[in-house]
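Some notes on the structure that comes next.
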Amino acid sequence: MTVSYKNGRCWPGLRQVEMSLFRWLVVALVTTLFTPRPILCAPNQGHDSVIPPSERDRRAAALSPVTAGLPGSWHYSGCFVDNAHGRIFGFEAPVDPNLTVEGCINVCAGMGMSVAGMEFAQECYCGNTLINGATQGDEVSCNMACGGNPTEACGGPNRLSVYTSGGNVPILPIPVVKDTGLPGQWRSAGCLQEPGAQRVFPYQIIMQNNLTVDACLNQCAAFGYPAAGMEFGDECYCGDVADEAANGGAPAPAGDCSFPCSGDPIHLCGGAQRLQLYHWDGNIDVWNTPANTGRYEFFVPGVVVPLIATVGINNKVTFLEKGGTSEFPNSTGAYELDLSLANDFSRAWREMHVKSDVFCSGSIILPDKGGRQINVGGWSLDSTFGIRLYTPSGSDGVQGTTDWEEGFPAVALQRGRWYPTAAMLANGSILVIGGETGSNASPQPNLEILPKPSGGNTVVELDWLQRTDPNNLYPFVFVLPSGNIFVGYYNEARILEPGGFQTIRQLPNIPASVNNFLGGRTYPLEGAAVLFPQHAPYNEPVRILICGGSNPGAGQAIDNCVSIVPEDPNPTWTLERMPSRRVMPCMAPLPDGTFLIVNGAHQGVAGFGLATDPNLSALLYDPAKPVHQRISILGNTIVPRLYHSEAVLLPDGRVLISGSDPQTPGFPEEFRIEVYIPPYLNQGFRQPEFTITNKDWAYGGQATITVNLFQGNTGNMRVSLITAVSSTHGNAMGARTIFPAFSCAGNTCTITAPPNANISPPGWHQLFILDGPTPSHSQWVRIGGDPARLGNWPQGPGFHPPGV
Ligand SMILES: *[C@@H]1O[C@H](CO)[C@@H](O)[C@H](O)[C@H]1NC(C)=O
Ligand SMILES: *[C@@H]1O[C@H](CO)[C@@H](O)[C@H](O)[C@H]1NC(C)=O
Ligand SMILES: CC(=O)N[C@H]1CO[C@H](CO)[C@@H](O)[C@@H]1O
């Protein structure tokens, strides 16, 4: 038999034919795998016959539709014309050389479909409707015998013998462009030709059976993309309007976009290398580009490639550095920077000492009298059980004398942990959660409470950490105003009760990327998380913000921030797009309630050698602005900061930015330390000042300050509390921002402390006042005392607990 290929309206040009061959291979592959798939104007398998009419009639006369012995209510419906305006079925079953009418009906019935069609002797199609304006043909044109039964008719060239289990077969019209009733502010923008192998838009979503125009537009808009295109009937693309010109897109004749949508065959979803194009009218996300961006500045040469940075209550910054895997055998693993001596390198740094390896541990500042820093976990073996404590000492220009204290094995975690999170509980005890038993080893899917009661065991097993290993390391932990505990890990989040840490609510999964819901937010898919500021009288439920992260596989970083109010009756994630992709960001809470987002890469995941494309731009996230307008693009640095980098708020309102330990060719192990001067310190205003005597506050208690403002007056003054932070791996462990109530008479202001430990777990805070936009230097205050009496722990050789 002679067969010629039909070049239907779906295949307008050479490229499309090339593409169609590729597509055909895909179809063939899928077909071999026996998976039914939509055919969507896939190349016609070659039906234009040159059989003479007389021969056709002779053959047709010998053939007949099957009228008896069909399952259930199945019956013959007619001989239909295929390909007059495109394929008339949405699905093709695998080609079957032994096809029979009964066999094809069984395939379709098995898929729950009510219409079956046989074409060209061996092809079986299924659906619930015919599409593309199908019309009935001459009965005698269904003139080919079934491959598996020479007496049955199985269609012909471009002819289908159609059977149905229902009544009349529904026939959908020839698809048209959907240009009315579109969701949101979407508008149809024509048919766009793609340049070739390269894609116009960066994000592809395959929707084999369920692509509709609305589904694609809604998905793109939900992730902040104002341009969308549908191609091949079953592919949805999202991006920016600027991508079209940047990546070689060109307008194409409307007729080139002729494929029905796989999930809505009366509308068009592009063609072969043709995008059915839509634009969002206006902006989905607005990124502010303020004139005053603030700036990066070089601060001081470092002596260490830090893993954790913590600002102590002595206003010095401690850095911990990994040991065993370090390239620098000269390191003791612990140093302290005197900020006041940044211009005197020889005196700025104090060498300290840890006995075990802090790679990769967690830190917080304790609410004890000394503002001790605790560091837990590490690598490997004994170090994973490490508990290290440091009581800050010294002051500006005066070196401290204290050092890190350790007492293994007498003082040790109950479980060895690499990549745990530490957090302060409302009752004053220390929570240590998660990690693995060693470097890339088995999970440690549990939590424990410090101090461990003698003879006691405080370990609580957590199946959800087991299930999501290894994408849940350094989980995000926050005490909520109810006293319950939020945990964010991988692409999940839940609320635990504080007594036994049982789950009381599982939150919706965290959206990741527009085309990948398996992306995540915690190491190694590392993003960063903070709590929104809490304002007196603290009636508002608190919101949690997570920015950046990455996707498994190719490691395309996530370009959005998500936030949720976990204690809302029906919590949902709000998604705001960032101007660029970012994995391994750091977020530093600032005294004006904003968050500085710095460091990280466009691509990759956290770990050694796993990211190469640094993102050098600082962003500012302002929760006080309307949603989708909260991000401002700030200044750029010249220092790539990839894995193991940090950002911490300094007492003078600047942000110290350190680290980068990528172990990646082309990127240095980074010793240089920078500061970011936020916009509020970059407009020439003198910083306000205040004095305070009572720095030890009870919950709900009052403290008096005397203020000295240089711009405004106490009427537009603000007061904020930034909880002590340890920065590592996208975690700002301990971070909280509180705007307490205050009132002023003249220059004397009375601040009311937060009411309870759920609003603000016991701890040390930097107290700031703001004169209009401009923050003062901070003073450290302690709120809530030391209810778990951590200041007397641990007793024993080598420890000098500072007292409660
Ligand atoms: C260790 O050596 C590196 C590289 O030689 C140097 O940059 C760094 O300052 C040294 N660190 C200390 C603590 O001496
Ligand atoms: C705090 O709560 C945890 C969990 O219930 C408990 O193990 C710990 O002993 C409590 N701490 C205090 C000081 O009561
Ligand atoms: C300074 C710098 O390189 N910033 C880049 C951060 O990433 C976005 C795009 O992802 C670029 O547009 C910026 O130039």
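Just so you know, ligand 1 is whichever comes first in the structure, and atom 1 is the first atom listed for that ligand.
- Ring planes of Phe478 and Phe486: tilted class, angle from 30 to 60°.
- Only the side chain of Phe671 comes within contact range of ligand 1, with a heavy atom under 4.0 Å; no backbone atom does.
- Here the heavy atom of the protein found nearest to atom 11 (N) of ligand 2 is Ser429 OG, 2.7 Å.
- Arg417 and Glu448 are joined by a salt bridge, as a carboxylate oxygen and a charged side-chain nitrogen come within less than 4.0 angstrom of each other.
- Atoms of ligand 2 found under 4.0 Å from any heavy atom of Phe501, numbered from 1 in the order shown, are 4 (C).
- Looking only at heavy atoms of the protein, atom 5 (O) of ligand 2 is closest to Gly499 O, 2.7 Å.
- If you number the atoms of ligand 2 from 1 as listed, the ones under 4.0 Å from a heavy atom of Ala788 come out as 13 (C).
- Atoms of ligand 1 found under 4.0 Å from any heavy atom of Tyr335 (numbered from 1 in listed order, with element): 13 (C).
- At a cut-off of 3.5 Å, with distance as the only test, a side-chain donor of Tyr390 or Glu336 sits close to an acceptor on the other residue.
- Protein heavy atom at the shortest distance from atom 12 (C) of ligand 2 is Asn427 ND2, 3.4 Å.
- Remark: the Asn375 side chain and the Arg388 side chain contain an N/O donor-acceptor pair separated by less than 3.5 Å.
- Remark: ligand 1 and Val303 share an N or O pair separated by less than 3.5 Å (distance only, no angle test).
- Defined by atom type and a distance below 3.5 Å, a donor-acceptor pair is present between the side-chain atoms of Glu244 and His279.
- A donor and an acceptor atom, one from each side chain of Ser550 and Glu526, are nowhere located under 3.5 Å apart.
- The shell of residues lying under 4.0 angstrom from ligand 2, judged by heavy atoms, includes Pro498.
- In this structure, a donor-acceptor pair under 3.5 Å is present between the side chains of Ser340 and Asp338.
- Between Asn330 and ligand 1, an N or O atom pair is found at a separation short of 3.5 Å.
- Thr728 and Glu646 share no side-chain donor-acceptor pair at under 3.5 Å.
- Remark: the Tyr643 side chain and the Gln663 side chain contain no N/O donor-acceptor pair separated by less than 3.5 Å.
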Quick one: ligand 3 N/O to protein N/O pairs below 3.5 Å?
| from | atom 1 | to | atom 2 | distance (Å) |
| --- | --- | --- | --- | --- |
| ligand 3 | 4 (N) | Ser617 | OG | 2.7 |
| ligand 3 | 7 (O) | His602 | NE2 | 2.5 |
| ligand 3 | 10 (O) | His602 | NE2 | 2.9 |

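- With hydrogens and angles left out, the side-chain atoms of Asn682 and Arg295 include a donor and acceptor closer than 3.5 Å.
- A distance of 6.0 Å or more separates the ring centres of Tyr203 and Tyr237.
- Residue Thr458 has no N or O atom closer than 3.5 Å to an N or O atom of ligand 2.
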